[in-house]
Every structure is written in structure tokens, then in C-alpha cells.
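One structure is given below, encoded as C-alpha cells.
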Amino acid sequence: VLIVMFPSILFPTPSRLINNRLISIQQWLIQLTSKQMLAIHNQKGRTWALMLMSLILFIGSTNLLGLLPHSFTPTTQLSMNLGMAIPLWAGTVITGFRYKTKASLAHFLPQGTPLPLIPMLVVIETISLFIQPMALAVRLTANITAGHLLIHLIGGATLALINISATTAFITFIILILLTILEFAVALIQAYVFTLLVSLYLHDNT
């Protein structure tokens with residue numbers, strides 16, 4: 001619980017008339033991301049802005065903290081990612097059925113479908129709808145876990161190669177540094193992708 005709550009401490013709340021550089025950069029990045037993500041939404045969809053921004057900050061900061069040595073990344077746990085994905089997905093679907101009932105039901109049957117294929121397509125579209133939260137959670141879990149495993153394996157190989165061949169160990173160490181830089185990028189990209197997909201599900205239902 002403490003690890004999950006810790007990232008929120010890292011984002012200071014502005015309480016001064018003139019902000020310092022750190023808070024100014026933080027606010028600029030949040031405004032840039034929110035403008036880009038909410039540009040496609042109508043007024044109803046933009047009421048989710050606070051939740052979407054909180055989500056991207058939480059996932060991004062948790063992913064980055066997980067790259068610190070001897071730390072734990074909550075987003076490598078499928079249960080936690082499903083705990084984020086299912087309520088958000090369910091919220092968008094319920095919003096769609098509440099405000100755009102006809103359009104939401106129309107998604108289950110594309111226009112111009114031949115009569116014999118109607119039952120099969122309805123089943124396929126229903127399955128694809130219920131797979132969406134699983135896809136969200138599994139994508140985030142797999143990407144973060146795979147990166148951490150690679151870092152762990154290459155780090156272990158570097159230590160093992162020091163006593164065998166210093167040159168090979170040095171090359172492996174350079175690969176490890178490059179992979180770590182890549183993982184920093186992946187941590188932020190996966191947070192953006194997760195939130196963007198939730199935003200797109202919301203756009204389809206508002």
C-alpha cells in the first residue's frame with residue numbers, strides 16, 4: 001500500500017503566486033498531455049480529464065520508480081492492472097449505454113451484415129468488447145515485466161562475465177545501459193498508451 005501511495009508524494013501542489021521551475025515544468029507537461037488527449041472529446045468526455053491525468057501520472061511514476069534498484073513495481077502485477085482497467089472500461093461502457101444507447105448497441109452489428117452472419121457477428125463483437133480490459137491490463141503487465149526481466153538477465157550476465165572476459169563484460173554493460181534508457185522511455189510510453197486507450201473507449205461512448 002505504501003509503495004502504491006508513494007508516487008503521489010512526488011508531485012508537489014503549487015501554493016505560491018509564482019511557481020518554481022520544477023512545478024512550472026510539471027504543469028506545462030500536464031497541460032500539454034491533457035490538451036492532446038482531450039482534443040477529440042466533447043464536453044461530456046472532458047469531465048473525465050482529472051481522472052485521466054491522475055491515471056497517466058500514477059502509472060508513469062510507478063513504472064519509473066520500479067526501475068530503481070531493490071524496488072518493487074506494482075504495475076508488473078496483473079491483478080493491479082486489471083483493478084485499474086476493469087472499472088475504467090466499465091465506466092465508459094455504462095456511460096455509452098446510458099447516453100448513446102442506440103449507437104452502443106449498433107456496435108454489436110455492423111451495417112450491411114448478411115442475415116446468416118448476424119448471430120455469429122453479435123457473439124464476436126460481444127467477446128471483443130469484454131476482451132478490451134484484459135488487453136489493457138495484459139499489455140501493460142507484459143511490457144513492464146519483459147523489460148525488467150531483460151535488465152535482470154543482462155545484469156546477471158555482466159557480473160558473470162567480469163571474471164571470464166573483461167571486454168565482453170564491458171560490451172554487455174553498454175547494452176545494459178542502453179536497455180535501461182529504453183526502459184525509461186517504455187515506462188512513460190506504456191502509461192500514455194494505457195490512458196490513451198481508456199480515452200478512446202470513452203470517446204466511442206460519449
Side-chain angles (χ1 to χ4, degrees), residues 1-14 19-37 51-86 88-89 132-200:
V1 174
L2 290 173
I3 291 169
V4 171
M5 291 172 64
F6 182 68
S8 61
I9 302 167
L10 301 177
F11 299 102
T13 306
N19 296 326
N20 59 23
R21 289 183 181 86
L22 178 65
I23 293 177
S24 297
I25 292 168
Q26 176 187 309
Q27 288 183 334
W28 175 73
L29 284 171
I30 291 170
Q31 285 174 2
L32 185 71
T33 311
S34 62
K35 277 181 184 177
Q36 189 175 356
M37 199 167 287
M51 183 177 286
L52 292 173
M53 287 302 102
S54 301
L55 183 69
I56 194 170
L57 286 172
F58 173 72
I59 297 173
S61 54
T62 308
N63 290 349
L64 288 173
L65 283 173
L67 290 170
L68 294 173
H70 306 291
S71 63
F72 171 74
T73 316
T75 44
T76 55
Q77 305 300 308
L78 185 61
S79 56
M80 177 174 166
N81 295 336
L82 280 172
M84 289 189 293
I86 291 173
L88 290 165
W89 166 82
Q132 284 176 354
M134 280 294 295
L136 270 178
V138 169
R139 183 187 292 106
L140 180 59
T141 307
N143 279 289
I144 302 301
T145 306
H148 286 197
L149 278 172
L150 272 173
I151 288 174
H152 179 72
L153 291 170
I154 293 173
T158 307
L159 288 172
L161 287 167
I162 286 172
N163 297 324
I164 301 167
S165 170
T167 311
T168 315
F170 181 70
I171 293 166
T172 317
F173 182 66
I174 291 170
I175 294 168
L176 181 62
I177 291 169
L178 293 172
L179 183 64
T180 307
I181 294 166
L182 177 65
E183 278 306 302
F184 272 98
V186 167
L188 296 173
I189 289 165
Q190 286 307 313
Y192 181 74
V193 167
F194 188 98
T195 314
L196 183 64
L197 286 171
V198 172
S199 176
L200 290 173

List the atom of [X], the atom of [Y], and the distance in Å for their closest heavy-atom pair.
| X | Y | answer |
| --- | --- | --- |
| Pro74 | Thr62 | CD-CG2, 3.2 Å |
| Ala191 | Gly60 | CB-N, 3.4 Å |
| Pro133 | Leu82 | O-CD2, 4.2 Å |

Value rounded to 0.5 Å, distance of [atom1] in [X] from [atom2] in [Y]:
| X | Y | atom1 | atom2 | value |
| --- | --- | --- | --- | --- |
| Thr73 | Asn63 | OG1 | CG | 7.0 Å |
| Thr75 | Met84 | OG1 | CE | 7.0 Å |
| Ser34 | Leu32 | OG | CG | 8.0 Å |
| Lys35 | Gln31 | NZ | CD | 6.0 Å |
| Leu196 | Thr33 | CG | OG1 | 11.0 Å |
| Leu188 | Glu183 | CG | CD | 11.0 Å |

Non-neighbouring partners of [X] that pass side chain to side chain contact (heavy atoms under 4.5 Å, CB included), sequence neighbours left out:
| X | answer |
| --- | --- |
| Leu68 | Leu65, Ser71 |
| Ile25 | Leu29 |
| Gln36 | Tyr192 |
| Thr195 | Met37, Leu52, Leu55, Ile56 |

Note to self: Applying side chain to side chain contact (heavy atoms under 4.5 Å, CB included) to Phe72 and Gln77, what does each step give before you reach the verdict?
What the structure shows: CA-CA 10 Å; Phe72 171 74; Gln77 305 300 308; 3.7 Å; yes
Kindly list each side-chain donor-acceptor pair under 3.5 angstrom involving residues 135-151, sequence neighbours excluded, with atom names and distances?
from: Thr141; atom 1: OG1; to: Asn81; atom 2: ND2; distance (Å): 2.5
from: Thr141; atom 1: OG1; to: Ala137; atom 2: O; distance (Å): 2.8
from: Asn143; atom 1: ND2; to: Arg139; atom 2: O; distance (Å): 2.7
from: Asn143; atom 1: ND2; to: Gln190; atom 2: OE1; distance (Å): 3.4
from: Thr145; atom 1: OG1; to: Thr141; atom 2: O; distance (Å): 2.6

Notebook entry, point to check: Val198 and Trp89: side chain to side chain contact (heavy atoms under 4.5 Å, CB included), yes or no, with the steps?
Noted result: CA-CA 7 Å; Val198 172; Trp89 166 82; over 6 Å; no
Result block: side-chain N/O donor-acceptor pairs under 3.5 angstrom for residues 159-178, not counting sequence neighbours:
from: Ser165; atom 1: OG; to: Thr168; atom 2: N; distance (Å): 3.4
from: Ser165; atom 1: OG; to: Thr168; atom 2: OG1; distance (Å): 2.9
from: Thr172; atom 1: OG1; to: Thr168; atom 2: O; distance (Å): 2.6

